[in-house]
Structures are given as C-alpha cells and as structure tokens.
> 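Questions regarding the structure given below will be posed in turn.
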There are 2 protein chains.
Amino acid sequence: MGADKDRDQKRRIDTMEELAVAIGVSRPTLSRYFQDPERVSRTSRERIAQGLERVEYVPNFFATRLNRKSTGIIGVVIPYLNDLFFTKLLEAIERAAMAEGYTVITQCSHSDPLIEARAAETFMSMSVDGALVAPLGNQSDMKAHERLRSRLPCVLVDSRPKSMPNVDFVGSNHVQSTGLATEYLCRVGTPPIFLAMPRVNFNAMERELAYIAKMEELGHEPHIIGTEVLNDDGLFEAHGRAVLDREFAAGRLLESSVLCANDRVAIGALRAAASHGLEPGAKRQGGLRIMGHDDYPLCPFAVPSLTTVAQDVEAIGRASVSRLVKTIQAQKNQDEQIVKLFDGELKVRDSA
Amino acid sequence: MGADKDRDQKRRIDTMEELAVAIGVSRPTLSRYFQDPERVSRTSRERIAQGLERVEYVPNFFATRLNRKSTGIIGVVIPYLNDLFFTKLLEAIERAAMAEGYTVITQCSHSDPLIEARAAETFMSMSVDGALVAPLGNQSDMKAHERLRSRLPCVLVDSRPKSMPNVDFVGSNHVQSTGLATEYLCRVGTPPIFLAMPRVNFNAMERELAYIAKMEELGHEPHIIGTEVLNDDGLFEAHGRAVLDREFAAGRLLESSVLCANDRVAIGALRAAASHGLEPGAKRQGGLRIMGHDDYPLCPFAVPSLTTVAQDVEAIGRASVSRLVKTIQAQKNQDEQIVKLFDGELKVRDSA
DNA sequence: GGTATTACTGAACGCATGTAAAAGGGAGGA
DNA sequence: TCCTCCCTTTTACATGCGTTCAGTAATACC
C-alpha cells in the first residue's frame, strides 16, 4: 500500500517554504541541505532525506541562481551543429564540465553573427560563471565578444580571430598538423597541392599558410586551389567535389597528391574522383592521392577510407573546460594568457 | 568625441533600479518597456531608447523569469549529438522556436537514461513553457518522462516509446517510407533483405515490422540480419560494415538487394562492399544493391552515392514546435492527442 | 556542576525583477 | 474653470530562494 502510494502519486510541493513545513525543519536548513547535505546535522539530514522520499519537489532553477555568487553554469557558443567535429567537441566539453559539477548551456550561432551576439547577451544576462566560445570567424561581432570578455572569464576554442589575440585559446596546432600531412604526402608521392575551403574561419587560413611554409621548407612550389566560393549551399563536401570535378574534367590533377583543408572537403574530393573513374590511394605509386584533416568520424568508412591527420578533439574539449574552470575559481582573470595547442596525429588509411 | 566615448566604454549598469534613476523613469516602466515597448507612452519610449544608447545594461535572465507566468523557454531533449540527423532536427526546431519568440534550451542525454532524467528535472525546475523530447528508447526512465508530462506540455519527436502511447507525437511514417523503399527494391531488382540496427530505439523496430509487412504484401519471404550487437563502439556505420563483412566473407548476399535500417548503417555497408571488391548499384542488373533510410546529408557524397528514402526533418521540426506552442497557448493540455507522421520521399541515386 | 566552546538552527533581510492596484496627469466636455 | 475619463506612472507587494547573524542546544573541558 505504502509502496503503491509512493510509486503512484507523491504529494507535489512547489516551494521550499511548503517543503519546510511538510518536513518540519526551517527553510534555510533545507537551502543548506540542497547545496551540500554535509552542512546540516546528521539528524536533520536523515529527516530531510526521508521527507523528500514522500513528496515531489524540484527547486526553482531561477530562484536558486538569482541570489548566488556563482551560478554554476558554463555557457558554450558553437558556430553550427551540422558538423560532427563540433558535435564531438561539444560532447567532450559537456562531459568535462559535468564532471566538474557545472551545468552547460549551449547556444548555436547558426552561422549568423546576430545570433552569436545574442548568445553572448544571453550568457551575460544569465551571469554564467564562464564561457567557452568557438567563434564564427571574420563575420563575428567583435564588440559583442569584447563585452562578454570584459564581464566574465572566456576561453576561445577551435578558432581564434586575429582581432582577439590576448584571450585564452585552446585548439589544434595547425602548423604541426598540416606540416605533418604535407610532409607525409611528399614522402610517399608527389608534393601535394592544397585544396582549400572558402575562408570562413581562421583555421582555413592557418592551414593554408602552414602548407605553404612546409612546402617551401621542403623546397617545393606550393599550389593552392579552391579558395573561391563555387557553390551556394555552404557544404564543404559540395565544395570539394565541385573544385575537383572542374579540375578532373579539364584533365588536370589526375596523378596528383591533394591535401584537403578538412575531411569534409576531402569526402567531396573522393566523390569527384570516383565520378571520374579515379581510384585515389597509396597502392598506386605516383598516382592520385587524397588526404584530409581532422579525422572526421566517417573517415574509416569512406571509399576509399580517408587518410588524414587527427585533431585531438577530446583533449581540446577537456583542456578548454579545465582552463576555464581554473580561471573561474581564481576569481579575477588570470594575468598571463594561455594558448594551448594540441598536435595532430597521422592516420594512414587507403586514400593516400 | 561623443561617438568615441560611445564606442569605447559605456557606463555599465547592473540593475533595472540603477537604470531607472539614470534615465529618469520608474523601474516598472522599464520593466514594461523591455517586455513590449508599445506598452509605454511614446515619450517614455524614446527617452528610454536614447538612454539605453548611452549605457551598457543587460536584464537579469533569472530575475525576469522568476516571477513571470510564462518563461518563454522551450526545452529540447535529444539522445545524442554525434548524428547529423539529430543536429538537423535540432536546427529546424531552434529556427522554428526562435521565429515563435521562444528561447530554446537544449539538453543532450549522451545515451544515458540518468542524464536524460536529469534533463527532465532541469526543465521542470526552470518552469519551461513546454518540452520537445526525442527519447532515448527502451532504456529511458519512464517515470521521469511521466513526471515531466504531468507538469508541462510535451511533444515527443522522432521516436515514440510504446509505453507512452497517448502523448502528442511528431515523426516519420515508417510504414510508408520503409514500404516505399521495399517496393522500390522489389521493382528494380531482387526482393531485399533487411539489414537492421541494434534495437536501441523504437524506430528500429517499426522499420523492421514495416519491411516485413510490405514483403508479405508483395508475396516475398522477409529476411532480416544484423539485429545482434556486433561491435561495442555503438557506431551504426561500424555495425553495418561488420554485418556485411561477415556475410560477404562467407560468400553470402553477393548479388542481393540490401535495405539498411538507416543511412549510417548503409554507409558502413557500402564500405564493406568496397572492401570485397563489390560495386553496389543500379547499373548492374540483378547485382548487389544497397539502400538506406533518412537521407543523411552525406548520401550524395558516398561512393557510390546512396539511394535512400528521405525523412522530412525540417517539417518534423517545424510541426513539433508548432504543436507544442499551440498546446502552451491553450493553457490546459489539449484533450485530443495529436500524432503527425510525415511521409518519406524516394531519393534514387547510384547504390540501388 | 559550571563554564567555554562549538555546531546548528531559524528569523530577517536581500536579490532583480514581475505585477496588481492606487495615484497622477492631461485632454475633452460642460 | 471645473470635472470626468482614460491612460500612464508609481507605489507596494510578490516571487522563491541565498545568506547573514544572533540565538540556542549540544559538547568539551576543568
């Protein structure tokens, strides 16, 4: 009977005040209990625990946050969702933040600077303890970013606008990773040309420059294609396919090494190669090779499987949260800026 | 000068009270202005607007929500992020909700019933106006779902647990879509076998059953493989590859039509086919065919490009928001339950 | 047994805003 | 000029809970 009553319909209680009279302790005692059960005596603790079994009560999120010095919330801004790189990053961030005891509120910019700026406003109005920002890129509203930074601890993730050089940053070492890829391709075949992506973010430029630097270091002539916008849907895959379709149709690059700015571009490139009857791969000495960057989750399942250089997304997520939490707990903004770059790791598969 | 001052450092104001004295109107007038500028006189309106130009002020999110009848927030629960289907759904939902003037708070279950239940708790404690729930599946904590439903308007999206039959639901008509795919494959080649996915959610079962029904309707013997869990990473692609690797290695299914439970499984299947030197496609009459379900964004870029049946994700997102908003505005829960299913659309490409 | 110390509790106040009711103020009509 | 009506503003109270601090009970010590 009692068990049935428990299971079926507990008495619903809306405020801590009601709960206090229902259990027979004072409201402040309950407040302390919810923040940390150790802060009340053992007897009260047990009494409250038993009381909570018999009722249905959820503390009001807004009321609890309103009057606290720390809201326990971390805000995350990401540019868009339809990319498995960002979703992996987000999952890593959420796991790390959860482990540290923070609540994560994510806002997606949907590639729109206005929405990104509004997300910053939202976080300020929520008094989040800190923010992790993967910025849109050149189009970002820098004033909004600055306001956010002036109010609360911020860490940039993945991409770092040149216009905000003295902010904490966690991302990939593109000089190393792109250099590694370039070097690998030079070693196993002809020096690569670089299939760029439209310069929507700063990583795009960084990788281009890293490619050029490594090529010159190795004594080769750099050659870049695909910086122009060819398709309007904004899909990286469609871009890669369009660029290589054009080249292959003109009889160019049929025996080249092609280093793509990222894996999604490379997947489009693979598609174009297949359409033209080409089989990119390490097996054919001197023939067409296609390589990506990032280690997108689908790489092992591409046809042929895509050789790439992996970003350590998990580590980037963890490190960014770790740094942010440290800054938050230090109260004031740390004096020295931190820039943490993770090296890429070669993933040799079939395509190069 | 004045412009410079504006641009550089506006006076920062923390509370509405301060703002009121700074501008010279009463605080409640400001409150009404922020909710709807039309609710104050034109003179006050202009005065406030001018005043806001000169200061930096963000209303406190928690305080504004605390004492309102409606928080203007819609909560969204999705099972995991590393799937472009859900990210597309989420984008559609966010766009639609934004257009309706709602703020969206998304919580990801990370495939964990505990986290899913906690997300429900969070939404209750935030007094969200309503919730859109894409449930985890069989493992979901049904009691948590029920509590959520008893407190606020809910609409299930994408997947509907059998244990909650009388809740509003918006999703795909799998009987129609899977039937369409089955029929198509029967028409252009040999009757398909069905490559299932582990039965993590209810759509998996629905599609299996729809396949069986259509096969029997057409007078063919249904044949299902891949219901067992073969790999531990939980990736659909790896599952599809593992199942077909095994079959092909045993010399089975080399000339069959294979209908995959979803596109990610199919992408793994394509990978397995390539590994065994097979070229699935409509071009070879009577030969191996592979077809998916969903129209995952990468389908056109697969090698060969993947024939599939598209779910209208955009429509599902819009309809779910629309229904939820309607329920919210009707105050009380609507009497009649609504189930809205969208038909799938055939996307014929190269693989089948 | 008495006193000093500690641990815990609860009354009172504060938080930043929403909101209903009362006061104000201006226009229009007599 | 005065009064009424309508709209706006203001006053006052409400929201649900964090937090401080004085008071009290419990414990330790002599």
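In what follows, every chain begins at residue 1, and chains take the letters A, B, ... in the order their sequences are listed.
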> How close or far is atom P of dT8(D) from atom OH of Tyr33(B), stated in whole angstroms?
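Atom-to-atom, Tyr33(B) to dT8(D), this comes out as 16 Å.
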
> Decide if the gap between the ring center of Tyr57(A) and the ring center of Phe34(A) is smaller than 6.0 angstrom.
yes

> Going by the side chain to side chain donor-acceptor pair (under 3.5 Å) test, which pairs reach into residues 99-108 of chain A, not counting sequence neighbours?
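Applying side chain to side chain donor-acceptor pair (under 3.5 Å) to every pair that reaches into residues 99-108 of chain A, excluding sequence neighbours, yields nothing.
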
> Is there a donor-acceptor pair closer than 3.5 Å between any side-chain N or O of Arg39(B) and the backbone N or O of Arg32(B)?
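No; zero donor-acceptor contacts below 3.5 Å.
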
> Hey, is Glu56(A) close enough to Arg147(B) for a salt bridge, meaning N to O under 4.0 Å?
yes

> In whole Å, what is the span from the CZ atom of Arg42(A) to the P atom of dA26(D)?
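These atoms are roughly 14 Å apart.
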
> Remember a base hit wins even if backbone is also touched, and classify Ser41(B) as base, sugar-phosphate or nothing at under 4.0 Å, heavy atoms.
sugar-phosphate

> May I ask you to decide whether Glu314(B) forms a salt bridge with Lys88(B), counting only side-chain N to carboxylate O separations under 4.0 Å?
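Salt bridge between Glu314(B) and Lys88(B), a charged N being under 4.0 Å from a carboxylate O: no.
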
> Side chains of His110(B) and Glu94(A): does their closest heavy-atom pair fall under 4.5 Å?
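His110(B) reaches Glu94(A) side chain to side chain.
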
> Give every pair of a protein N or O atom and an N or O atom of nucleotides 23-25 of chain C that lie under 3.5 Å apart, one pair per line with the distance.
none

> Just the rounded figure in Å: distance from C1' of dG16(D) to CE of Met124(B).
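Atom CE in Met124(B) sits about 17 Å away from atom C1' in dG16(D).
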
> Using a strict threshold of under 4.0 Å (side-chain N to carboxylate O), is an ion pair present between Arg27(A) and Glu17(A)?
yes

> At under 4.0 Å between heavy atoms, which parts of nucleotides 12-18 of chain C does protein reach? Answer with one letter per nucleotide, 5' to 3': B base, S sugar-phosphate only, - none.
B-BBBBB

> Does the Thr327(B) side chain pair with the main chain of Arg323(B), one donor and one acceptor, at a distance under 3.5 Å?
yes

> Does Ser26(A) make a side-chain N or O approach to OP1 or OP2 of dT9(C) shorter than 4.0 Å?
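No, Ser26(A) has no side-chain N/O under 4.0 Å of OP1/OP2 on dT9(C).
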
> What's the CG-P distance between Asp36(A) and dG18(D), to the nearest Å?
13 Å

